[in-house]
K.L.:
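What follows is a structure written as structure tokens; I'll ask about it next.
From a predicted model like this one, the values you see are computed outputs, not experimental measurements. To find a chain, count down the sequence lines: A is the first, B the second, and so on, and within it residues start at 1.
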Number of protein chains: 2
Amino acid sequence: MLDFKTALETLRNYLKEHEMRFTTERMIILEEIFNFPPHFDAEKLFIHIRSKYNHISRATVYRALELFDKIGIIKKLNLGGGVAQYELKMDLPHHDHLICVVCGKVIEFVDDTIERLQQEIAEKHGMEIINHQLQIYGRCKEHRKQ
Amino acid sequence: MLDFKTALETLRNYLKEHEMRFTTERMIILEEIFNFPPHFDAEKLFIHIRSKYNHISRATVYRALELFDKIGIIKKLNLGGGVAQYELKMDLPHHDHLICVVCGKVIEFVDDTIERLQQEIAEKHGMEIINHQLQIYGRCKEHRKQ
DNA sequence: TCATCTATGAGAATGAGTCACAATTTATGT
DNA sequence: ACATAAATTGTGACTCATTCTCATAGATGA
């Protein structure tokens, strides 16, 4: 899933298989996600979409985000701050996030050793992993104190 | 900070240094946190406290939790689910959490290698770490599918 | 004890997210 | 293209966690 076209195809297929309707609203929302920063929250996306398509409601945006997350087109993140964040899911390996507490910038990183250790830890506790998240909060290059 | 007495002392000192009042409400709330499960949320704590001290208000509990977190007596966690979780902060090494998505059980674990790797990753990106959190969501021993 | 100024209680307000339902739109068979 | 049935949408009400407001109560230092 690297581009809008592929994502749209995925959406179409999922909808067809589940007797759901392919609507212009769902298409527009998907398209606007691709026009939007890589990490965003529902409200900002809604405002953005609303500015171009004033008939699309907040509920529809929330519903579409839930759907796209379920399908696997986007991923809902829990980065703190009391607001759900979303990112496009690009079929890349699992990654985690560095978050600047000053400017909110999000940096992604991948670390295979950490991934493996998590698996080991879960097993040691008899736990079957469904999902995991690692957030490192700090001050980025531009905002760290000297 | 291993016991109520020490925590209370910390609270007293902090309040004195900041020209704030040592109130019975703050003391009761602190005490009840020590009588409560190791991971809890504000509302549950409030209900519990309210059942014993019916004059203590929700706002006071929330305000106290914020204060205790700032002082470092407790730690506010972001385990997902739309509700802030808290835990006593015991001057133990940093630890992370395994969370059962079925029963909500929280298991703590410590892994020095992961801690070290996080430090390295942050440095590689020029980031100064303030805090970090790792959550592994899954099904615990009792609830995993066979 | 008094004066001062912080903390509290009560409930209103906020903000993210969800829900109910009437009206609309889509998919399908003809 | 048309009718039909079923899914979807927009609106606004609603929920839930948390925060705020403000009048009153209570802690602290003189």
K.L.:
Under a criterion of less than 4.0 angstrom to any heavy atom of chain A, what are the 5'-terminal and 3'-terminal contacting nucleotides of DNA chain C?
P.N.:
C/dA16 to C/dA27
K.L.:
Between A/Thr10 and A/Ile73, what is the shortest heavy-atom contact and its length?
P.N.:
CG2-CG1, 4.4 Å
K.L.:
For the pair made of CD in B/Gln85 and C1' in D/dA17, what is the distance, rounded to whole Å?
P.N.:
12 Å
K.L.:
Could you give the CD-to-P distance, from B/Glu66 to D/dA17, as a whole number of Å?
P.N.:
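The answer, rounded to whole Å, is 18 Å.
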K.L.:
Are the side chain of B/His94 and the backbone N or O of B/His132 linked by a donor-acceptor pair below 3.5 Å?
P.N.:
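Such a contact is found between B/His94 side chain and B/His132 backbone.
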K.L.:
Taking the six-membered ring for Trp, is the centroid-to-centroid distance between A/His48 and A/Phe36 below 6.0 Å?
P.N.:
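Under 6.0 Å, so yes.
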K.L.:
Could you tell me if the side chain of A/Ile74 sits less than 4.5 Å from the side chain of A/Lys89, heavy atoms only?
P.N.:
no
K.L.:
So does A/Phe109 get a backbone contact from the side chain of A/Asp96, meaning a donor-acceptor N/O pair under 3.5 Å?
P.N.:
no
K.L.:
Tell me: CD of B/Glu43 to P of D/dT15, nearest whole Å?
P.N.:
15 Å
K.L.:
Under 4.0 angstrom, heavy atoms only, what part of the nucleic acid is A/Glu19 near: base, sugar-phosphate, or nothing?
P.N.:
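Answer is sugar-phosphate: A/Glu19 comes under 4.0 Å of backbone atoms only.
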K.L.:
With a 4.0 Å cut-off on N to O distance, would you call B/Glu120 and B/Lys124 a salt bridge?
P.N.:
no
K.L.:
Please give me every residue in residues 20-29 of chain A whose heavy atoms get under 4.0 Å of an atom in DNA chain D, ordered by residue number.
P.N.:
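DNA chain D contact set from residues 20-29 of chain A: A/Met20, A/Arg21, A/Thr23, A/Glu25, A/Arg26.
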K.L.:
Quick one: does A/Arg50's side chain have a donor or acceptor within less than 3.5 Å of a partner on A/Arg58's backbone?
P.N.:
no
K.L.:
Please work out which residues in residues 54-65 of chain B have a non-hydrogen atom less than 4.0 Å from an atom of DNA chain D and list them by number.
P.N.:
B/Arg58, B/Ala59, B/Tyr62, B/Arg63
K.L.:
Determine whether A/Glu43 and A/Ile47 satisfy the following criterion, side-chain contact (heavy atoms from CB on, under 4.5 Å), listing intermediate values before the conclusion.
P.N.:
CA-CA 6 Å; A/Glu43 191 62 17; A/Ile47 302 286; 4.1 Å; yes
K.L.:
Is the shortest heavy-atom distance from the side chain of B/Leu15 to the side chain of B/Leu67 under 4.5 Å?
P.N.:
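They are in side-chain contact.
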K.L.:
Tell me if a side-chain donor or acceptor on A/Thr60 pairs with a main-chain N or O of A/Ile56 at a distance below 3.5 Å.
P.N.:
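No: the side chain of A/Thr60 does not pair with the backbone of A/Ile56.
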K.L.:
Which of these passes side chain to side chain donor-acceptor pair (under 3.5 Å) with A/Glu87: A/Lys75, A/His97, A/Lys76?
P.N.:
A/His97
K.L.:
Need to verify one output field. Residue with the more 5' nearest nucleotide on DNA chain D, B/Lys16 or B/Val83?
P.N.:
B/Val83
